J.: 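First, the structure itself, so that you have it in front of you.
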Amino acid sequence: MTEYAKPIKRRKFNSDAAWGYAFIAAALLIFLMFTAYPVVSALIISFQEYKPLGSKFIGFDNYTETFKDSLFWKAVVNTIVYTLLTVPVSLFLSFAVSILILPFKKRMQTAFKAVYYLPAVASGVALSVVWLWIYDPMPEGIFNKITAFFGLGTHNWLGSSTYAMFSLVLMAWLSSHGTSIIIYLAALLGIDGSYYEAAELDGANFFQKLWYIVVPCLKPTTLFLLVTGVIGSFQVFQNAYLMTGGGPDNATTMVGLLIFNNAFKYFEFGKAAAQSLILAAIIAGISVIQFKFLGKDVEY
């Protein structure tokens, strides 16, 4: 008896599917308009000598010029130094503060979280103005008064190539930890209490519980904050732009600030687009390396 292939059943486009597509349509449209389209436009512009009224295709000239530009590589080095100095310390401070908040009751934890998250809600421009006031180069400046009290003298913190980068790093250390603290605290509250009970039965002290229970359980959270922190620090722009303008002598010129200057100060949009894509490739490469070497034993 001959067997015939069964006809393939095609899915019917029912009302549930229609509602599903309708719900994702807004998010998809926003993604296409504000993410996909700008990226594709930047890629096209990077191969052009861009002008509002008639652009000229120049191939890889913008990329070649960028790789030969000593200022670009100095900006890359500055960005790497800033990242290495800020991200690990910021993670450590956020973790330490979260550990200190954890023993309090829920209401007190909420109050602390609100206080630490407050700078993230405030305007970055307003915070920069406050830090400009703190770094006032006059002897009456707040930070100069503190250093003078400890016998370290007074300095032009933002106007000296020796101290300008340190000033931006210190500003990052002492602000904007609210998001990381909230995420760390949520992860700490999610650790099963039976782990601590078993450790106490074995006679473990506070630091042993911290090292053998808390740190391993928070690996996924730490990896997430590390990756996002590195991405954010490589894209830093506001602090350098408002505090130092990239000076003195380009000591605080970051890649993001350099891209901004090339685009909106020198109107070299093609070169700026090429540099932005190079920066995106650098960030993607670093993220892949982080997941490869730090995410091996991480379970989500």
Side-chain angles (χ1 to χ4, degrees), residues 31-88 124 158-162 164-169 172 226-294:
F31 171 79
L32 292 174
M33 289 178 60
F34 298 104
T35 303
Y37 174 72
V39 170
V40 174
S41 297
L43 180 62
I44 296 172
I45 293 171
S46 69
F47 295 106
Q48 297 176 339
E49 184 181 343
Y50 181 81
K51 294 179 182 178
L53 300 176
S55 302
K56 182 174 68 174
F57 180 79
I58 57 175
F60 289 93
D61 288 359
N62 286 321
Y63 292 93
T64 303
E65 186 179 348
T66 295
F67 287 124
K68 291 181 179 179
D69 188 359
S70 60
L71 180 57
F72 174 76
W73 292 112
K74 184 171 185 177
V76 170
V77 172
N78 288 341
T79 306
I80 292 173
V81 170
Y82 179 84
T83 300
L84 292 175
L85 292 176
T86 57
V87 174
L158 299 175
S160 168
S161 57
T162 304
M165 179 62 76
F166 167 76
S167 301
L168 296 183
V169 170
L226 177 63
V227 172
T228 55
V230 170
I231 292 173
S233 63
F234 262 84
Q235 295 177 329
V236 67
F237 162 76
Q238 180 177 272
N239 293 350
Y241 177 73
L242 295 174
M243 300 291 290
T244 63
D249 193 26
N250 294 310
T252 57
T253 297
M254 311 294 181
V255 180
L257 179 59
L258 180 64
I259 294 170
F260 175 86
N261 288 336
N262 284 329
F264 301 107
K265 188 175 180 179
Y266 306 116
F267 302 105
E268 296 181 358
F269 294 102
K271 186 176 180 180
Q275 291 174 345
S276 65
L277 292 173
I278 293 171
L279 176 61
I282 293 173
I283 292 173
I286 293 174
S287 299
V288 169
I289 292 172
Q290 287 175 312
F291 277 111
K292 183 175 179 59
F293 291 99
L294 302 178

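Model, not experiment: these values are computed from the prediction.
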J.: Please round to the nearest 0.5 Å and tell me the distance separating atom CE of Met165 and atom OG1 of Thr86.
T.: 9.5 Å
J.: How many angstroms lie between OG1 in Thr66 and CG in Asp61, if you round to the nearest 0.5 Å?
T.: 10.5 Å
J.: State, with a plain yes or no, whether a side-chain heavy atom of Ile283 is found less than 4.5 Å away from one of Gln235.
T.: yes
J.: Return the CE to OG1 distance between Met33 and Thr35, rounded to the nearest 0.5 Å.
T.: 10.5 Å
J.: If I compare all heavy atoms of Gln290 with all of Leu226, which pair ends up nearest, and what's the gap?
T.: NE2-CG, 3.5 Å
J.: For the residue pair Leu277 and Ala42, what are the closest heavy atoms and their distance?
T.: CD1-O, 4.0 Å
J.: Evaluate the side-chain proximity of Gln275 to Val255: yes if any heavy-atom separation is below 4.5 Å, no if none is.
T.: no
J.: Would you call the rings of Phe237 and Phe260 parallel, tilted or perpendicular if under 30° counts as parallel and over 60° as perpendicular?
T.: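 Phe237 vs Phe260 ring planes: tilted.
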J.: Please work out whether the ring planes of Phe67 and Phe72 are parallel, tilted or perpendicular, with thresholds of 30° and 60°.
T.: perpendicular
J.: Does some side-chain heavy atom of Tyr37 sit less than 4.5 Å from a side-chain heavy atom of Leu32?
T.: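 The answer is no, as the side chains (C-beta and beyond) never meet within the 4.5 Å cut-off.
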J.: Can you tell me how far CG of Leu71 sits from CG of Asn261, rounded to the nearest 0.5 angstrom?
T.: 8.5 Å
J.: Indicate yes or no: at least one non-hydrogen side-chain atom of Phe234 is less than 4.5 angstrom from one of Ile80.
T.: yes
J.: Which value, rounded to the nearest 0.5 Å, describes the distance between Phe269 atom CZ and Asn62 atom CG?
T.: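 The CG atom of Asn62 is 12.5 Å from CZ of Phe269, to the nearest 0.5 Å.
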J.: Side chains of Val169 and Tyr82: does their closest heavy-atom pair fall under 4.5 Å?
T.: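 Yes - at least one pair of side-chain heavy atoms lies under 4.5 Å apart.
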J.: With respect to Thr252, which candidate in Thr244, Asn78, Asn239 satisfies the side-chain hydrogen bond (donor to acceptor under 3.5 Å, both in side chains) definition?
T.: Thr244
J.: Which heavy atom in Thr79 sits nearest to a heavy atom in Ala75, and how many Å separate them?
T.: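 Shortest heavy-atom contact: OG1-O, 2.7 Å.
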J.: Provide the closest heavy-atom pair for Ser161 versus Pro248 in the form atom of the first, atom of the second, distance.
T.: N-CG, 3.2 Å
J.: Please find the pair of heavy atoms, one from Gly229 and one from Val87, that lie closest to each other, and give the distance.
T.: O-CG2, 3.7 Å
J.: Evaluate the side-chain proximity of Leu168 to Met254: yes if any heavy-atom separation is below 4.5 Å, no if none is.
T.: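 Heavy-atom side-chain distance check passes, below 4.5 Å.
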J.: Does the separation of the ring centres of Phe267 and Tyr50 fall below 6.0 angstrom?
T.: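 Ring centroids of Phe267 and Tyr50 are no less than 6.0 Å from each other.
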J.: Any chance you could measure Leu258, atom CG, to Lys265, atom NZ, to the nearest 0.5 Å?
T.: 11.0 Å
J.: Work out which heavy atom in Ser46 is nearest to a heavy atom in Tyr63; give both atom names and the distance.
T.: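 Nearest pair, atom of Ser46 first, then Tyr63: OG-OH, 2.8 Å.
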